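What follows is a set of notes on a single structure, which appears directly below.
All values reported here derive from a predicted model rather than from experimental measurement.
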Amino acid sequence: MPDAGDQGGDPLFDAPVVEHRNEIFKNRDLVDTDHVPDADRIIGRDEQIEQVAHEIGALVVGEPASSVLIFGKTGTGKSLVAKHVMGRVEAEADRRGVSVGTAYINCSQTDGPARVPRNIGRRINPPESGVKFPSRGISTDEYYERLWSILNQHYDGVAITLDEVDRLRDDSPLMILSRARENGSINIPISIVAISNKIDYRNQMNERTKSSFGHREYVFDPYDANQLREILRNRSDAFHEGVIEEGVIPRVAALAAKEHGDARKGIELLFSLGKYAIRNSYDTISEEDVPKVREMAEAERLRDLITGLPAHSQHVIGALAALTISNSDEGWFRTSKVLDAYKKLCNEHAVDPVTHERVRQLLEELSFLEITESRNQHQGSKGQFNEHTLNKPPEIIKQIYRETAP
């Protein structure tokens, strides 16, 4: 087999490219937002770690544990804390000779009630069980029956994290799981860690589900600027020494602080800076690179988000972008005005528009994704109406829409 640098090799994988990647990144996992670092790298969340551990810690001795709700904006360490505590619970239980199963499920990627038990089952199903969790062909009830069988036969306790739980169509999986032992479905203790970016999510839960969690809920505040600098410094050894020039970490931390203390955005930006250096064969990353790479990364992220939306959602957001650009003195637009602009775009693209009610629903979904923001306005005796504004640069959205509109 020829070496990567041989003349017959694929130029995409030339040795210099691979070698330069290795000269930039020393430990790339540290700038992966899904990576759970060692405890000494987790900044500003000691109290929250202790709180969650207090609620679910009884599992390490096979005793009943509580379930807990965690609220907070994106990038405030909710998922990190949950994964960290679950990892320590599993390890400590194993040390004590207790078998505790753990599963982390991101509900934004689980768009149906059947997928929750299916995905949990796949995470904790030991090879020797012989139980299968196929993609299709069995009912939701059957998925749960197979999950209960796995838990009862192979575990002394289980901890399940449901991240972005507000993205579920309803909270029935939350109720079924949290009450599984009480209802006799399983004979082992179960603890649920439910995470939501929406502070008011509890108000959407039915009363039976609420009672399963009691008042065990914690709100994670955004990181402050000092914590963000510390977090990013603790990730800077993802790069080889000398790659990151002085000033880069404070600049990235300052930008993350503006994003309501979003540590995730800061870590993602460090990763993007590393990719930028590799792509351009740079040996170092300077402070001057930060705003340029941030803008490129935001545009790329927004493009991925928009192109993944249903066709008429794209037309609605394209209409709102056009309104914003052509009415620079206005920031908010009534639903009726968005509807008119949407119909105009549909006509230009020779597609049939959806109903007024469906456009209203699409605007709600875009607001949920934080691409837009909506508010209710009162106009005295004339009643009330909704207004909408973009949370993203309209010029970038218009450009993406122009290039990718269905």
Side-chain angles (χ1 to χ4, degrees), residues 19-53 70 72-88 104 163 195 197 218-298 300-301:
E19 289 169 2
H20 188 62
R21 183 180 295 114
N22 293 334
E23 289 168 1
I24 296 297
F25 285 116
K26 179 182 178 183
N27 184 356
R28 185 168 161 171
D29 283 348
L30 290 175
V31 285
D32 180 347
T33 53
D34 291 327
H35 174 68
V36 181
D38 295 335
D40 58 355
R41 292 182 186 270
I42 300 177
I43 305 300
R45 289 296 178 255
D46 290 348
E47 180 182 353
Q48 289 82 358
I49 288 172
E50 290 180 4
Q51 288 169 338
V52 176
I70 299 176
K73 291 187 175 182
T74 304
T76 53
K78 306 182 300 298
S79 306
L80 174 63
V81 167
K83 290 177 179 179
H84 174 77
V85 173
M86 285 206 307
R88 290 176 68 170
Y104 170 87
D163 204 349
I195 301 173
N197 295 334
Y218 301 100
V219 178
F220 283 32
D221 294 325
Y223 294 107
D224 61 35
N226 291 330
Q227 289 173 326
L228 286 167
R229 281 195 295 272
E230 185 89 16
I231 289 168
L232 296 175
R233 284 196 187 100
N234 270 295
R235 304 291 184 113
S236 62
D237 53 338
F239 303 91
H240 285 286
E241 187 175 352
V243 169
I244 296 183
E245 295 182 359
E246 188 176 352
V248 170
I249 294 297
R251 185 70 176 273
V252 174
L255 290 171
K258 288 183 179 180
E259 296 275 357
H260 59 253
D262 191 337
R264 178 180 290 267
K265 285 284 182 67
I267 294 168
E268 287 177 346
L269 182 50
L270 283 182
F271 178 52
S272 295
L273 285 163
K275 291 197 299 181
Y276 177 77
I278 292 168
R279 190 162 53 243
N280 292 279
S281 299
Y282 294 162
D283 295 323
T284 60
I285 298 166
S286 70
E287 185 178 349
E288 288 70 31
D289 294 326
V290 175
K292 176 170 53 180
V293 172
R294 176 177 180 260
E295 185 176 329
M296 292 166 53
E298 284 293 326
E300 184 178 332
R301 188 182 301 112

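- Taking E241 as the reference, nothing meets the side chain to side chain donor-acceptor pair (under 3.5 Å) condition, with sequence neighbours excluded.
- Listed by chain and residue number, nothing satisfies the side chain to side chain donor-acceptor pair (under 3.5 Å) test with R233 (two or more places apart in sequence, or in another chain).
- Remark: I244 CD1 to L232 CG distance equals 9.0 Å, nearest 0.5 Å.
- The shortest non-hydrogen separation linking A253 to L228 is O-CD1, 3.8 Å.
- K78 and Y218 form no side-chain donor-acceptor contact under 3.5 Å, judged by distance and modelled atom types alone.
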For K83 and D163: C-alpha separation, side-chain torsions, deciding distance, then whether salt bridge (charged side-chain N to carboxylate O under 4.0 Å, His left out) applies.
CA-CA 10 Å; K83 290 177 179 179; D163 204 349; over 6 Å; no
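- With respect to R301 and E298, a salt bridge is recorded, a charged nitrogen being found less than 4.0 Å from a carboxylate O.
- By the 4.0 Å N-to-carboxylate-O rule, R294 lies too far from D289 to be salt-bridged with it.
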Step by step, would you call K73 with F220 a side-chain contact (heavy atoms from CB on, under 4.5 Å)?
CA-CA 8 Å; K73 291 187 175 182; F220 283 32; over 6 Å; no
Go through it in stages, so that I can follow the logic: the residues are R41 and L30, the test is side-chain contact (heavy atoms from CB on, under 4.5 Å), and I'd like the CA-CA distance, side-chain angles, deciding distance and then a yes or no.
CA-CA 10 Å; R41 292 182 186 270; L30 290 175; 3.8 Å; yes
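- Pairing each heavy atom of V243 with each of E23, the nearest pair is CG2-O, 3.7 Å.
- Residues T284 and E245 bring a donor and an acceptor atom of their side chains to less than 3.5 Å of each other.
- Atom CZ of R88 is surrounded by 12 or fewer heavy atoms from other residues, nucleotides or ligands within 6.0 Å.
- Atom OG1 of residue T33 and atom NZ of residue K265 lie 11.5 Å apart, to the nearest 0.5 angstrom.
- To the nearest 0.5 Å, atoms NE2 (H240) and CD1 (I24) are separated by 8.0 Å.
- Atom OG1 of residue T76 and atom CG of residue D221 lie 8.5 Å apart, to the nearest 0.5 angstrom.
- Scanning all heavy atoms of the two residues, the minimum distance from V248 to S286 falls at CG2-C, 3.5 Å.
- Judged purely by atom type and a 3.5 angstrom limit, D224 uses its side chain to pair as donor or acceptor with the backbone of Q227.
- Between atom CD1 of residue I231 and atom CD1 of residue I267 there is a gap of 6.5 Å, rounded to the nearest 0.5 Å.
- From N234, atom CG reaches atom CG of D40 across 7.0 Å, with rounding to the nearest 0.5 Å.
- Here the closest non-hydrogen pair linking S272 and A297 is OG-CB, 3.6 Å.
- When only modelled atom types and interatomic distance are considered, T74 and D262 share no side-chain donor-acceptor pair under 3.5 Å.
- Between F271 and F25, the angle of the ring planes lies from 30° to 60°, which puts this pair in the tilted group.
- In this structure, the side chains of P37 and R235 come closer than 4.5 Å at one or more pairs of heavy atoms.
- Taking the ring axis of Y223 as reference, the NZ or CZ atom of R229 does not stay both within 45° of it and closer than 6.0 Å to the ring centre.
- The main-chain N or O of Y282 is never found under 3.5 Å from a side-chain atom of N280 such that the two would form a donor-acceptor pair.
- Using a 4.5 Å heavy-atom threshold, the side chains of L273 and V31 count as separate.
- Shortest non-hydrogen contact noted between G266 and V252 is O-CG1, 3.6 Å.
- With hydrogens and angles disregarded, no donor-acceptor distance shorter than 3.5 Å links the side chain of K26 to the backbone of S236.
- Looking at every heavy atom in both residues, H84 comes nearest to A39 through CE1-CB, 3.7 Å.
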Apply side-chain contact (heavy atoms from CB on, under 4.5 Å) to the pair L80 and V36, showing each step before the final yes or no.
CA-CA 6 Å; L80 174 63; V36 181; 4.1 Å; yes
